[in-house]
Protein chains: 2
Amino acid sequence: MNQPAPPPRRTTLADVARESGVSVALASIVMRGAEGASEASRLKVKAAAQALGYRPDSRARALRSLRSGLLGVSLRLDEPFHAELVDEIYAAAEEHGYEVVLGAVGKHRSEARALEGLADSGCEAILAIAASGTRAELAAVDAGLPLVSLLREVPGIDSVCTDDASGMDQAVAHLVGLGHRRIFHLDGGDAVASAERRSAYLAAMERHSLGDLARVLPAGADEREGAAAAGRLLADPRHPAPSALVVFNDRCALGVVDALERAGLEVPADISVVGFDDSQFARLAHIGLSSVRQDVAALARAAIERAVARLAGQGPGLQWHAPALVVRNSTGIAPVS
Amino acid sequence: MNQPAPPPRRTTLADVARESGVSVALASIVMRGAEGASEASRLKVKAAAQALGYRPDSRARALRSLRSGLLGVSLRLDEPFHAELVDEIYAAAEEHGYEVVLGAVGKHRSEARALEGLADSGCEAILAIAASGTRAELAAVDAGLPLVSLLREVPGIDSVCTDDASGMDQAVAHLVGLGHRRIFHLDGGDAVASAERRSAYLAAMERHSLGDLARVLPAGADEREGAAAAGRLLADPRHPAPSALVVFNDRCALGVVDALERAGLEVPADISVVGFDDSQFARLAHIGLSSVRQDVAALARAAIERAVARLAGQGPGLQWHAPALVVRNSTGIAPVS
DNA sequence: AGCAGAAACTAGAACGTTCTAGAAGGATCG
DNA sequence: CGATCCTTCTAGAACGTTCTAGTTTCTGCT
């Protein structure tokens, strides 16, 4: 077999030190911008580093210093909305001087493995986006190093979430304001946050004295499940047709809108649809979907701040972020019936 | 300010060794499953590790051994198709005994930074998905450690791509077989692979003696740009309406289909549409989009194999993977004109 | 000139692991 | 019974960095 060629040993701090005629310790001081070096040596060392193409070895650095400066983030690869969040997390982490390490969850990689991997790679804390693990599993991770749950409230664990109750309330209020009364909810099945949104919807309907008209229909988290649910809805003779739908998330809502239009209904003339997330993704989608916007940047920032606070010795907390309804073209006044 | 609490030092190999009454070296042997330990000590050490909740520190491990066992992967967060590829890469990497480190590119993080980050974290090689950097930039990275470019052919750099020419040819052939002649291409603008697909389209049209009917219209890589391009197409009186469109990718095609249907055209009765990628994402989307499928698993596997080969001293190469047209409901026989 | 105090610098240990080289303890064999 | 060979085990160096505890050099002041 082919013997792996010995890699051309990367240049080390010792090389830089030798080249610039100073000690390794001083070179280290210069490279990490600590104080205690004269301007003259700073220049010398930096020049040498530049010349040799020196790049500090982050593993060695992390190994020695207690702080690794690493923040782990677990996310589902197949959720575009998570990706948006991660992008903001990068920005927020940088401001706090942290590097981000990603742990992907997908068909071929379980959440448990992802979290394990993050812990092993020396992260100081972990942000878990829409973690699906049980409370006990997450608590076990949290025992090892601070865990912040994003988009899902987990009792006993630091959580940063959107206030689904407020979001649902805004959606329902908006529709009621347009004259709708028969407002149904298509839920997210067993997706994270589905239960919360479901009960938030019921509470909102109750609050508008429409409790007896409330209906929850099972749907899911993606386009196909949305389209399927819309199909079932139209075919089902048991209940009178709704004039508006509040859907678990944007992807599902997109499927719903599409299925409705295919069936010959006009959105919003015949039926209004509200999504949830206001994902970039849904904004792109031609259809101007009215949606409950989660403040991605604020969520990201808050999550990082919670992690930093935990690292500073603070206990876990729970944070709600207010969403804001964004009205576009998928909602309109209720048809006269 | 709040002083960071001293983290509760994680248990180390030395702890395990002490607990089980053996040397650190032996404990190491057991933990990494190397040979040279008796069954008895294996049991002892494993038990102790279990009891103490020991988890090896991957940084220390990587620092010492020449092989880090790490493979870096850069990807765009806002491209769901990249996510699919990454998931397969996880699977393939595992088979080869490698761990995957992700380097995300997004609004707040440039590709250069992502690649730098991967190199610094000690990856042995890097897979860059749809790298946007110039040839020189990528060559510079490749000088440091093996780089494999996925989805984009970069001269002089190891590349694993889909054979766009074949894909386009299948798409055009399929449409021609259905009686279409006026087949236009909506391109990807400045997206990676856009130029390749554009010329592949032109070549395919030529091959079917339809060169003089070929038209390339500027579009883009996402839904909105697709919808916009479709709008422009319908409004433009300069050329006779096409009976079929071959679109840069699925996302764009979805926007196109939607805009066409909104404009009152029926797909495929009035006009056929073919996408490219056959992304999971597009498959979900209710609309059954006919699309040129890139073999994600094969691409992932091949990329990993190239990386491993490079690590074993082999020179860079170029690999084409044959795509396969998947016919669904967005293509049909040409309308009589 | 002498001295204190700061500023600049350095030797060497440490981080947690793997790896090399070799030591101890049996077996096997002539 | 001594030599030879496994097998099992261990001490200690090494990886590239940071950190601690000095040591040297500079500066200003009497």
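Worth knowing before you read on, the calculation uses all heavy atoms, side chains too, and leaves out hydrogens, waters and symmetry mates. Letters A, B, ... are given to chains in the order of the sequence lines, protein chains preceding strands, and every chain is numbered from 1.
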Give [X] one of three labels, base, sugar-phosphate or nothing, depending on what nucleic acid heavy atoms sit under 4.0 Å from its own.
{"X": "B:A37", "result": "sugar-phosphate"}
{"X": "A:A25", "result": "base"}
{"X": "B:S58", "result": "nothing"}
{"X": "B:S65", "result": "sugar-phosphate"}

Just so I know, are the side chains of [X] and [Y] near enough to count as touching, which here means a heavy-atom distance under 4.5 Å?
{"X": "A:L151", "Y": "A:F81", "answer": "yes"}
{"X": "B:H321", "Y": "B:D295", "answer": "no"}
{"X": "A:L118", "Y": "A:V101", "answer": "yes"}
{"X": "B:E95", "Y": "B:R301", "answer": "yes"}
{"X": "B:R306", "Y": "B:Q314", "answer": "yes"}

When you measure from the side chain of [X], which nucleotide among [options] comes out closest?
{"X": "A:T12", "options": "D:dG16, D:dT10, D:dA13", "value": "D:dG16"}
{"X": "A:R32", "options": "D:dC15, C:dT17, D:dT18", "value": "D:dT18"}
{"X": "A:V22", "options": "D:dT10, C:dT10, D:dT17", "value": "C:dT10"}
{"X": "B:S38", "options": "D:dC9, C:dC15, C:dT18", "value": "D:dC9"}
{"X": "A:A60", "options": "D:dT18, C:dG16, D:dG16", "value": "D:dG16"}
{"X": "A:L63", "options": "D:dT17, D:dT10, C:dC15", "value": "C:dC15"}
{"X": "B:V24", "options": "C:dT17, C:dA14, D:dT10", "value": "C:dT17"}

Could you tell me how far apart [X] ([atom1]) and [N] ([atom2]) are, to the nearest whole angstrom?
{"X": "A:K44", "N": "C:dT10", "atom1": "NZ", "atom2": "P", "result": "8 Å"}
{"X": "A:E39", "N": "C:dA7", "atom1": "CD", "atom2": "P", "result": "15 Å"}
{"X": "A:L13", "N": "C:dG12", "atom1": "CG", "atom2": "C1'", "result": "15 Å"}
{"X": "A:I29", "N": "C:dA11", "atom1": "CD1", "atom2": "C1'", "result": "13 Å"}
{"X": "A:R10", "N": "D:dT17", "atom1": "CZ", "atom2": "P", "result": "7 Å"}
{"X": "B:D57", "N": "D:dC15", "atom1": "CG", "atom2": "C1'", "result": "13 Å"}
{"X": "B:L26", "N": "D:dA11", "atom1": "CG", "atom2": "P", "result": "11 Å"}
{"X": "A:R61", "N": "C:dT17", "atom1": "CZ", "atom2": "C1'", "result": "20 Å"}

OP1 or OP2 of [N] sitting under 4.0 Å from any side-chain N/O of [X]?
{"X": "A:R59", "N": "C:dG16", "answer": "no"}
{"X": "B:S41", "N": "D:dT8", "answer": "no"}
{"X": "A:S28", "N": "D:dC19", "answer": "no"}

Next on the checklist: With side chain to side chain contact (heavy atoms under 4.5 Å, CB included) as the criterion, how do B:R67 and B:E124 come out once you've worked through the C-alpha distance, each side chain's angles and the decisive distance to 0.1 Å?
Outcome noted: CA-CA 7 Å; B:R67 292 203 49 231; B:E124 294 178 37; 3.6 Å; yes
Next on the checklist: Closest-nucleotide mapping onto DNA chain D: is B:A40 or B:R64 further toward the 5' terminus? I mean the 5' end.
Outcome noted: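 The 5'-side residue here is B:A40.
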Item to check | Full working for side chain to side chain contact (heavy atoms under 4.5 Å, CB included) between A:H96 and A:E305 | outcome: CA-CA 9 Å; A:H96 286 265; A:E305 274 159 20; 4.0 Å; yes
Item to check | More than 12 heavy atoms from other groups under 6.0 Å of CD on A:E99 | outcome: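 Check fails, neighbour count at 12 or below.
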Checklist entry - Quick one, which residues of residues 47-55 of chain A touch DNA chain C with a heavy atom under 4.0 Å? => result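 None, since no heavy atom is under 4.0 Å.
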